[in-house]
Amino acid sequence: LAGCSYKLRHQLHPVWQSPLSVPGGRRQSPINITLRDSLHDPHLKPLKIRYDSNTCTQIWNNGYSFLVEFDDSTDKSTLSGGPLLNQYRLCQFHFHWGESNAVGSEHTIDGILFPAELHLVHWNASKYKSFEEAVMEGDGLAVVAVFLKIGKRHEGLQKLVDALPAVRHKDSVVEFTSFNPSCLLPTCLDYWTYSGSLTTPPLTESVAWIIKKKPVEVSHDQLAVFRSLLFTSADEEEQKSMVNNFRLQQPLMNRTVRSSFS
Ligand SMILES: Cc1cc(=S)c(O)co1
Ligand SMILES: [Zn+2]
C-alpha cells in the first residue's frame, strides 16, 4: 500500500517539491513574502528592462510549462539595475498556473495566491558565456516574476494565447516572433527582491528574484487556454492536462526580502 501511496504522492507532488531535495538548500524558492518582514532598501535602483521584439524566436512545450524563447546571442534584450550588479540577457519566459483560479502562483504575498505567475528568465552575460554556465552560479540568473489576476482581457497576451494550441503536446515547438514581453509588465515600478533558486530541477540556488508588486490582468478565457495544454506527448495514450505546475513553498531560513518601495 505504501508503494502506491508513494506513487500517488509522487505524481501529485514530485519529490523535488520538498525543501530536503536539494543538498544544503538554504536559499530555495518559492516563498511567501510577508509585508511586515520585508525591508525597504532605499539604495535599490530602478529596474532597467530593455526588450527587443526581434529576439523572440519560438514557443516550446517542455512537458512542464510552455517556454517563449529568445535569441540571447547578443545584448538586445536585457535586464539591469534593481538589485543587480551586472547586465542580464533575457533567454525565456514561462508561466506557472493552477487547475482553477484559486491556485497557481508560486510566490504569495501575505499568503495571497494568484491564479498564475509569469517568470522572465535572464542570465548574467557580463560574467558568464551562456545560460548553462550561469545557472550553476550564485549570481548567474535573475528572474522577474509578475502575478496574473483574472479581470479584463490582456490584448498583448492574446497573440501568445492564439499560438498555444500549436504546442498542445509535450515536445511540440512553434515559431513565434515579433513579440515584446514588456507588454506583460505592470506599469507600477515597485518590486520585492530576494536570493533564491529555480523552482524546477535542477533547483540551483542561482536566482536573484525580482517580484513585481502589482499583478497584471488577464481574462478567465485567456487563462483557460493555458489549462488546455498537456503535460503528455502526442504518442502517450493518457493525456494529462498541464495544470498545477507550481512548486510548494520553501523555508525562508535566514533571508531578508527587500522592497524597492516604502
Ligand atoms: C530556468 C528556469 C527558471 C524557472 S523559474 C523555471 O520554473 C524553470 O526554468
Ligand atoms: Zn518559473
Side-chain angles (χ1 to χ4, degrees), residues 13-19 21-22 25 27-33 57-72 77-79 82-84 88-98 103-108 113-125 128-148 157 160 167 170-171 173 181 184-185 191-212 215-216 218 223 226-227 229 231 242-250 255 257:
H13 289 299
V15 69
W16 48 265
Q17 286 279 8
S18 76
S21 60
V22 185
R27 53 174 280 196
Q28 287 292 295
S29 293
I31 60 169
N32 174 45
I33 295 169
T57 58
Q58 63 181 26
I59 305 175
W60 171 42
N61 177 333
N62 70 352
Y64 186 71
S65 183
F66 62 90
L67 308 188
V68 179
E69 299 186 299
F70 291 77
D71 167 17
D72 58 1
S77 291
T78 57
L79 164 72
L84 306 173
Y88 290 65
R89 275 184 202 162
L90 175 66
C91 60
Q92 54 105 328
F93 72 80
H94 61 273
F95 298 81
H96 302 266
W97 62 89
V103 290
S105 65
E106 298 207 303
H107 292 88
T108 51
L113 277 158
F114 291 85
E117 184 171 330
L118 159 66
H119 288 161
L120 294 142
V121 180
H122 313 73
W123 56 274
N124 188 337
Y128 309 113
K129 291 190 293 297
S130 68
F131 168 83
E132 287 71 23
E133 185 189 335
V135 76
M136 306 309 288
E137 304 292 336
D139 61 354
L141 304 183
V143 180
V144 174
V146 181
F147 295 115
L148 273 58
L157 184 71
L160 177 51
V167 289
K170 175 181 176 187
D171 296 331
V173 180
L184 300 176
L185 299 172
Y191 63 86
W192 292 279
T193 184
Y194 79 98
S195 297
S197 73
L198 298 186
T199 63
T200 56
L203 301 169
T204 44
E205 301 186 333
S206 53
V207 181
W209 280 97
I210 295 165
I211 321 267
K212 300 294 279 184
V216 292
V218 302
L223 199 51
F226 286 24
R227 301 189 188 107
L229 296 176
F231 280 133
M242 186 181 273
V243 293
N244 299 332
N245 55 359
F246 53 82
R247 189 188 190 196
L248 300 183
Q249 294 195 335
Q250 306 296 310
R255 291 179 283 181
V257 178

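For the numbers below, each heavy atom of this structure counts, side chains included, while hydrogens, waters and symmetry mates do not. Residue numbers run from 1 in the order of the sequence given. Both counts, for ligands and for their atoms, begin at 1 and track the order of listing.
Relative ring orientation between F114 and F147 is described as parallel, the plane-to-plane angle staying below 30° on a 0-90° scale split at 30° and 60°.
The 12-atom threshold is not exceeded at NZ of K170, counting heavy atoms of other residues, nucleotides or ligands nearer than 6.0 Å.
Contact annotation: for F131 versus ligand 1, heavy atoms closer than 4.0 Å belong to the side chain alone.
Ligand 1 has H96 within reach: a non-hydrogen atom of the residue lies less than 4.0 Å from it. At least one heavy atom of T200 sits less than 4.0 Å from an atom of ligand 1.
With 3.5 Å as the limit, one finds no donor-acceptor pair spanning the side chains of D72 and Y88.
Two residues are said to be in side-chain contact when any heavy atoms from C-beta on lie closer than 4.5 Å; L160 and F93 meet this criterion. Contact of the W123 side chain with the L141 side chain is registered, since non-hydrogen atoms from C-beta on lie closer than 4.5 Å.
The shortest N or O to N or O distance between H94 and ligand 1 is under 3.5 Å. Checked by distance only, ligand 1 and W209 stay at 3.5 Å or farther apart across all their nitrogen or oxygen atoms.
Residue T199 approaches ligand 1 through these ligand atoms, each under 4.0 Å from one of its heavy atoms: 5 (S), 7 (O).
The NE2 atom of H94 and the ND1 atom of H119 subtend an angle of 110° at the Zn ion (ligand 2), given to the nearest 10 degrees.
Judged as a side chain to side chain contact (heavy atoms under 4.5 Å, CB included), and not counting sequence neighbours, the contacts of I31 are I33, H107, Y194, L252, R255, V257.
If you check which protein heavy atom lies closest to atom 3 (C) of ligand 1, you get L198 CD2, 3.6 Å. Closest protein heavy atom to atom 5 (S) of ligand 1: H119 ND1, 3.3 Å.
The N, O or S atom of H96 with the smallest distance to the Zn ion (ligand 2) is NE2.
Pairing each heavy atom of E137 with each of E133, the nearest pair is CG-O, 3.7 Å.
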